[in-house]
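I have placed the structure first, in the form of structure tokens, so that the comments after it can refer back to it.
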Protein chains: 2
Amino acid sequence: MESTGDGGARTVGEVGERGILTEVFGVLAEHGAGADGLLVGPGDDTAHLRVRSGAVLATTDTMVRGQDWLDEWSTGEDVGHKIVTQNLADLASMGGRGTGVLITLLCEPELPLAWCRDLTTGLARACARAGVPVVGGDLSAAGPGVVAVSVTALGELGEGIPAAVLRSGARPGDVLAVSGPLGRSGAGLGQLRAGRRAGRWVDHHRRPWVDLEQGPVAARVGATAMIDVSDGLGRDGARVARASGVDLVLDEAAVAGLAGRLAPEVGEQDALRAVLGGGEEHELLATFPPGRVPAGWVVLGRVEAAQEEPGVRLGEQELDPSGGGWDHFGG
Amino acid sequence: MESTGDGGARTVGEVGERGILTEVFGVLAEHGAGADGLLVGPGDDTAHLRVRSGAVLATTDTMVRGQDWLDEWSTGEDVGHKIVTQNLADLASMGGRGTGVLITLLCEPELPLAWCRDLTTGLARACARAGVPVVGGDLSAAGPGVVAVSVTALGELGEGIPAAVLRSGARPGDVLAVSGPLGRSGAGLGQLRAGRRAGRWVDHHRRPWVDLEQGPVAARVGATAMIDVSDGLGRDGARVARASGVDLVLDEAAVAGLAGRLAPEVGEQDALRAVLGGGEEHELLATFPPGRVPAGWVVLGRVEAAQEEPGVRLGEQELDPSGGGWDHFGG
């Protein structure tokens, strides 16, 4: 956590709503992205944001302390970075880019104001890097122990993209590919659980860094279906398979290749588990007509007609979509 | 609470994420508003919503159990209704109307599935009445005791309205008016605290019902500033006063007139307190050039050049903006 200045020892309950907002707006002014299209920004009843393409993309995602992060492992700045990445990845997976985010902080009055400032720094830096302004938000007090951060991201399709890329467009004969490596965040989580506190996979788990411009790139070359890997290849792949009514068939050599990058540090078995089931990766998983896979993407397999229930297969073996993935209620 | 069917005894933790979503989508399908402009609805990575006017309004608001409602006083359906009203009132106060909402539920695994269904019913009915589709959302587990509901509302300015009505446009000489009675929700809250469980003010506190179409009406006739009364006339009036750099001067007879409607049931002192400080009313408070106040609005006073710090005065007396109003952290 960064230096907290003289406000560091105070809690959000001590400074109250106005004190928190002063802090938040101060940090945003320091790091904030420019905002050409922002007709009305934070501070009035709503934001008002120009929309150039005739339609707006909208998505929302929440992180909860104790559930989605632990204070022992992640700083407020990590959390701010990650929640923005998660939301922008959802936009990217439609072929879109962010145009604005709204932020909600729900927290116990005992939360240190310094944590709130770190969170805002992470949010603001991640937004600035993506060129996305913070356009509004909300602040609510909650009971002891509760800290939750929600982001709603607004966006638009990239230029020249006629329609959002859905999960449902994969067709037999298509090629399955991913925009980058998989399993880094899962491997990092395993290392954190084992007591490590540093390293490149641990870093990636804390602050996943993904080239989200690959979403519009994939849409432009004709991706037929796309999703970001937030709950694991097995689970997210199964979502595409079910929505499209097809099987996704993973190539064993391709999976082994991805796992091989992680194995030296985490062992072969954990590496394979991280590639197939590791969540919070946020690389983009997409299907393409043959010959259309963009440069830099990793071909993972192919789309086939569903054998029985649509799903993901690794060679001949049906992947359990719940295996290693993530259900918020463990159901 | 309504009949809960055979799923009533189960908790959200028992049925898991998929079980909850099945329930939620079932209720939405039953009550959901039509959605002409919805290119992609719930179920993919993001929603995609047509925008006709070239710009989108966006706002977000959260309700927390124990803070914004008590289960002894309000059902899930009440909460669903109220959170939608709150958000749509923010759009109305810019001169806008809703085009879509995203919903986030953050809750303990022990929450009864029946409560979740009631909440969804309230959300869906309030949205359907306003002609606004539910376009997406998120679901997160939290620690014991936590239930929080967030809504992000998207909207557009009404036809013929060139720009959003801000808080900052009030000018000396303008007339101050409100779109309907004030203090009902505050009076109802007082009655609930005193042990009453029914009555029209109690009902209004549980499910505030406001004609939000008055927002575009006011914008069209040239409202110079507007806000919805969510934290009390004193606090919300002070926001307009500060943003515009003016004083809002309340007419004592007008305030007494509003209080007089409540006094027979709650007494004169509580009635006055509810009118000046009662929150969650969601009527629209606006300033107009003389002669432009729309039919049905109640004239409350006038806008004057600020005497010292911009604020709200009742006759000669400066209103304490924190008096009776609401700070989420009590600061």
Side-chain angles (χ1 to χ4, degrees), chain A residues 12-20 39-40 44-51 54-62 64 66-68 90-91 93-94 96 100 102 104 106 109 135-143 145-146 148 150 152 154-155 163-164 166-167 227-228 243 327-331, chain B residues 12-20 39-40 44-51 54-62 64 66-68 90-91 93-94 96 100 102 104 106 109 135-143 145-146 148 150 152 154-155 163-164 166-167 227-228 243 327-331:
Chain A
V12 298
E14 282 162 6
V15 301
E17 193 166 336
R18 241 206 252 191
I20 304 166
L39 303 170
V40 180
D44 216 295
D45 293 283
T46 83
H48 200 205
L49 194 63
R50 193 164 280 141
V51 176
V56 67
L57 299 164
T59 184
T60 188
D61 224 339
T62 297
V64 183
Q67 179 89 6
D68 298 295
D90 280 327
L91 298 174
S93 73
M94 308 296 275
L102 296 106
T104 294
L106 174 69
V135 304
D138 190 35
L139 200 55
S140 274
V146 179
S150 285
T152 297
L154 304 179
L166 307 183
R167 298 175 180 181
I227 194 169
D228 77 293
D327 181 314
H328 285 278
F329 288 91
Chain B
V12 298
E14 282 161 7
V15 302
E17 194 166 335
R18 241 206 251 189
I20 305 167
L39 302 170
V40 180
D44 217 295
D45 292 283
T46 83
H48 199 204
L49 194 65
R50 192 164 279 138
V51 176
V56 68
L57 299 164
T59 184
T60 188
D61 224 337
T62 298
V64 183
Q67 178 89 6
D68 298 295
D90 280 327
L91 298 175
S93 73
M94 308 296 276
L102 297 106
T104 293
L106 173 70
V135 304
D138 190 34
L139 200 55
S140 274
V146 179
S150 284
T152 297
L154 304 180
L166 307 183
R167 299 176 179 179
I227 194 169
D228 78 293
D327 181 314
H328 285 279
F329 288 91

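Order of the sequence lines sets the chain letters (A, B, ...), proteins ahead of strands, with each chain counted from 1.
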Measure across [X] and [Y] and return the closest heavy-atom pair with its distance rounded to 0.1 Å.
X: B:Leu57; Y: B:Gly96; result: CD1-CA, 3.7 Å
X: B:Ala55; Y: A:His48; result: CB-NE2, 3.5 Å
X: B:Thr62; Y: B:Ser150; result: OG1-OG, 2.6 Å
X: B:Pro109; Y: B:Ala142; result: CD-O, 3.4 Å

task: Could you tell me which residues satisfy side chain to side chain contact (heavy atoms under 4.5 Å, CB included) with B:Leu166, sequence neighbours excluded, listed by chain and number?
output: A:Val40, A:Asp44, B:Met94, B:Ala164, B:Ser168

Is [X] in contact with chain A via its backbone, its side chain, both, or neither, using a 4.5 Å heavy-atom distance?
X: B:Leu91; value: both
X: B:Leu106; value: side chain
X: B:Ala148; value: side chain

For the candidates [options], which exhibits the highest count of non-hydrogen atom pairs separated by less than 4.5 Å from chain B?
options: A:Val56, A:Val64, A:Asp90, A:Leu154; result: A:Val56
options: A:Ala47, A:Gly19, A:Gly66; result: A:Ala47
options: A:Val146, A:Thr59, A:Leu39, A:Thr46; result: A:Thr46

field: Under the salt bridge (Lys or Arg N to Asp or Glu O under 4.0 Å) test, residues paired with B:Asp45 that sit two or more places apart
entry: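 Listed in chain order: A:Arg167.
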
field: Structural part of A:Thr60 lying under 4.5 Å from a heavy atom of chain B
entry: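 For A:Thr60, backbone and side chain are both near chain B.
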
